[in-house]
Amino acid sequence: MRVVRAVTLGLMNLIAGLVAILSLLGFLSPYWFGFSFLEHPRPQYCLILAIAVLLNLLGRSRSGWAWALLWTMLFLVNFALISPVMFGAAANAASSPNALRLLHVTLDHDNPDLGRAVQFANTQKADLVSLLEVTPEALPKLEAELTNYRLIQAEPRTNSHGSAWFIARQPSHPLQVMGSEVIRLPADSVRPILKTTIGDGDKVLELLCFHVIRPRNAATIAYQQVEFRAMAEWSQNMLQQGKHPIAIGDFNSTPWSFLFRQLLADSGLKNSQNGFGLQPTWHSSLPKFLQIPIDHCLHSPSFFTRDRRIGSNIGSDHLPVFVELQL
């Protein structure tokens, strides 16, 4: 029995050592694209390191205490990066009648069955709905079956670049659609970004249905940085005009990655996830403890997040995100 415990503990320390190395290499992502893939599973790093700490403490040996101290230090290094989403200022007050309720859904353009996605959206009391991966075949079904909403504008595509904005037929409070257009971020991007302008009382809201390229290699990760910089410039421009920008969608990046943290610093926007926990959204087929959050809602500092939650599996590789913002 003692031999089994020793082997188990040795194996756990070996795994923890590998995790420690990978987590530290993630900090080098600005210098080589390959290291950026190691940034995203920091919650999983924390979980493995926490297990290693516990097992070493239970062993009650002098070497076990030393290993536990080392893994604790590395746990804290990783946890420091994810702590803003865990301990940010989350509002728990009762919902306000003037709160803005947003629903984001990333569909699967390869899955023609929209039943679960439509059913889920119709049961949510959202004021505005952003949809990604909208195809020409899917759009008529969405218009017909999203009975609680009407289309503002759509830009369907046969690939994953399609998108659409819907507004509630009976929003929680008066909202005026002031316009909608397709923009490019950056200007030479092949991906259309739908921007809609909403009047909310005397405030003008500028909302993006944002979609960032998937990180696959050095070129796509470099282009992610270009897209984030373009969105940050757009956001700063909106703020300087006295408008209230909101970007919601698939950012293909976790909030503790270097590029995402740089986006927050450059854009002047706030992450709605702060204070609401990890709330992972991808990949929906994985166990919850293996998923990561890559779908986000960033908003003007004039808002605070009153509520935020993740929806159920809708037949996509992404889970939907519901956010309630208060001016």
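Just so you know, residue 1 is the first one in the sequence shown, and it goes up from there.
Expressed to the nearest 0.5 Å, how far CD1 of I82 lies from CD1 of I292 amounts to 12.5 Å. Note that CG of L114 is 7.0 Å distant from CD of E145, once rounded to the nearest 0.5 Å. How far OG1 of T196 is from CD1 of I167: 7.5 Å, rounded to the nearest 0.5 Å. To the nearest 0.5 Å, atoms OG (S272) and CZ (R306) are separated by 14.5 Å. Taken to the nearest 0.5 Å, the NZ atom of K243 stands 13.0 Å off from the OG atom of S300. Going from atom NZ of K270 over to atom CG of L325 covers 14.0 Å, rounded to the nearest 0.5 Å.
In this structure, the side chains of I248 and L207 stay at 4.5 Å or more apart for every pair of heavy atoms. Side-chain contact between V77 and F27 is present, with heavy atoms from C-beta onward closer than 4.5 Å. Side-chain contact between E206 and I198 is absent, with no heavy atoms from C-beta onward closer than 4.5 Å. You'll find the side chain of I221 stays beyond 4.5 Å of the side chain of N217, heavy atoms only. In this structure, F33 and P215 have side chains that are not in contact, with every pair of non-hydrogen atoms separated by 4.5 Å or more. Within the 4.5 Å cutoff, side-chain heavy atoms of Q124 are placed close to those of R309. Taking the side chain as every heavy atom from C-beta outward, L239 and S235 approach each other to under 4.5 Å. Looking at heavy atoms from C-beta onward, I294 lies in side-chain contact with D250 at the 4.5 angstrom threshold.
Ring geometry for H296 against F251 counts as perpendicular: the plane angle is over 60°, on a 0 to 90° scale with 30° as the lower cut. Taking the six-membered ring where the residue is Trp, F260 and F228 present perpendicular rings, their angle passing 60° and hence far from 30°. Using the six-membered ring where Trp is involved, H299 and F303 have ring planes that are perpendicular, over 60° apart on the 30 and 60° scheme. W71 and W67 have parallel rings, their planes meeting at less than 30° on a 0 to 90° scale where 60° marks the start of perpendicular.
Minimum interatomic distance between G311 and F120 (heavy atoms only, all atoms of both residues): CA-CZ, 3.6 Å. The minimum heavy-atom distance linking A20 with L74 is given by the pair CB-CD1, 3.3 Å. Nearest heavy atoms, P280 versus L319: O-CD1, 3.8 Å. Scanning all heavy atoms of the two residues, the minimum distance from P255 to R261 falls at O-CG, 3.5 Å. Nearest heavy atoms, G315 versus D108: O-CB, 4.0 Å. The shortest non-hydrogen separation linking A16 to I48 is CA-CG2, 4.5 Å.
A donor-acceptor contact shorter than 3.5 Å links the side chain of Q224 to the backbone of N252. The main-chain N or O of L38 is found under 3.5 Å from a side-chain atom of Y45 such that the two form a donor-acceptor pair. In this structure, S61 contributes its side chain and G64 its backbone to a donor-acceptor pair below 3.5 Å. Between the side chain of S130 and the backbone N or O of C209 there is no donor-acceptor pair closer than 3.5 Å. Looking at D127, its side chain never comes within 3.5 Å of a backbone N or O of L100 through a donor-acceptor pair. Here the side chain of D200 pairs no donor or acceptor atom with the backbone of K203 at under 3.5 angstrom. Judged by distance alone, the side chain of S180 and the main-chain N or O of K195 form a donor-acceptor pair under 3.5 Å. The main-chain N or O of T147 is found under 3.5 Å from a side-chain atom of N122 such that the two form a donor-acceptor pair. Under the 3.5 Å distance criterion, the side-chain polar atoms of N56 are matched with a main-chain donor or acceptor of A52. In this structure a side-chain-to-backbone donor-acceptor pair under 3.5 Å is present from Q236 to D266.
With a 6.0 Å radius and a threshold of 12 heavy atoms from other residues, nucleotides or ligands, Q241 has its CD atom above the threshold. Annotation for W256: atom CH2 counts as buried by contact number, over 12 foreign heavy atoms lying within 6.0 Å. Environment of CD in Q119: sparse, with no more than 12 heavy atoms of neighbouring residues, nucleotides or ligands closer than 6.0 Å. In R184, the CZ atom is crowded: over 12 heavy atoms of neighbouring residues, nucleotides or ligands sit closer than 6.0 Å. Atom CZ of R62 is surrounded by 12 or fewer heavy atoms from other residues, nucleotides or ligands within 6.0 Å.
There is no path of hydrophobic side-chain contacts, each under 4.5 Å, that joins V118 to I152. When the side chains of ILVMFWY residues are joined at heavy-atom separations under 4.5 Å, either directly or via intervening members, L54 and L9 end up in two distinct hydrophobic clusters. Note on L107 and V129: same hydrophobic cluster, where clusters join Ile, Leu, Val, Met, Phe, Trp and Tyr whose side-chain heavy atoms are under 4.5 Å apart, directly or indirectly. One hydrophobic cluster, built from ILVMFWY side chains closer than 4.5 Å, cannot hold both I213 and L132; they sit in different ones. At a threshold of 4.5 Å between side-chain heavy atoms, the hydrophobic network of Ile, Leu, Val, Met, Phe, Trp and Tyr places L290 and F79 in one connected group.
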Practice item. Could you walk me through whether E133 and T106 pass side-chain hydrogen bond (donor to acceptor under 3.5 Å, both in side chains), step by step? Key: CA-CA 6 Å; E133 301 200 26; T106 298; over 6 Å; no
Exercise for review: Determine, stepwise, if the pair F276 / V85 fulfils side-chain contact (heavy atoms from CB on, under 4.5 Å).
Suggested key: CA-CA 6 Å; F276 288 89; V85 304; over 6 Å; no
Exercise for review: Given side-chain contact (heavy atoms from CB on, under 4.5 Å), test L263 with E227 step by step and report yes or no.
Suggested key: CA-CA 10 Å; L263 169 64; E227 290 179 309; over 6 Å; no
Practice item. Would you sort out whether T158 and T135 count as a side-chain contact (heavy atoms from CB on, under 4.5 Å), showing the intermediate values? Key: CA-CA 5 Å; T158 54; T135 64; 5.9 Å; no
Practice item. Mind running side-chain contact (heavy atoms from CB on, under 4.5 Å) on L208 and W234 for me, showing each step along the way? Key: CA-CA 10 Å; L208 289 186; W234 172 85; 3.5 Å; yes
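Side-chain contact check for N78 and R42: at least one donor-acceptor pair (N or O, by modelled atom type) lies under 3.5 Å. Side-chain contact check for T254 and H40: at least one donor-acceptor pair (N or O, by modelled atom type) lies under 3.5 Å. A donor-acceptor contact under 3.5 angstrom links the side chains of S285 and H283, judged on distance only. Side chains of H318 and D295: a donor-acceptor N/O pair is present below 3.5 angstrom, by distance only. If you check the side chains of S163 and H161, you find no donor sitting under 3.5 Å from an acceptor. No side-chain N or O of S257 forms a donor-acceptor pair with one of E39 less than 3.5 Å apart. A donor-acceptor pair shorter than 3.5 Å can be found between the side chains of S172 and R101.
Salt bridge absent: R308 and E324 never bring a charged side-chain N and a carboxylate O closer than 4.0 Å. Under 4.0 Å is where a charged nitrogen must lie from a carboxylate oxygen, and between E155 and R157 at least one such pair does.
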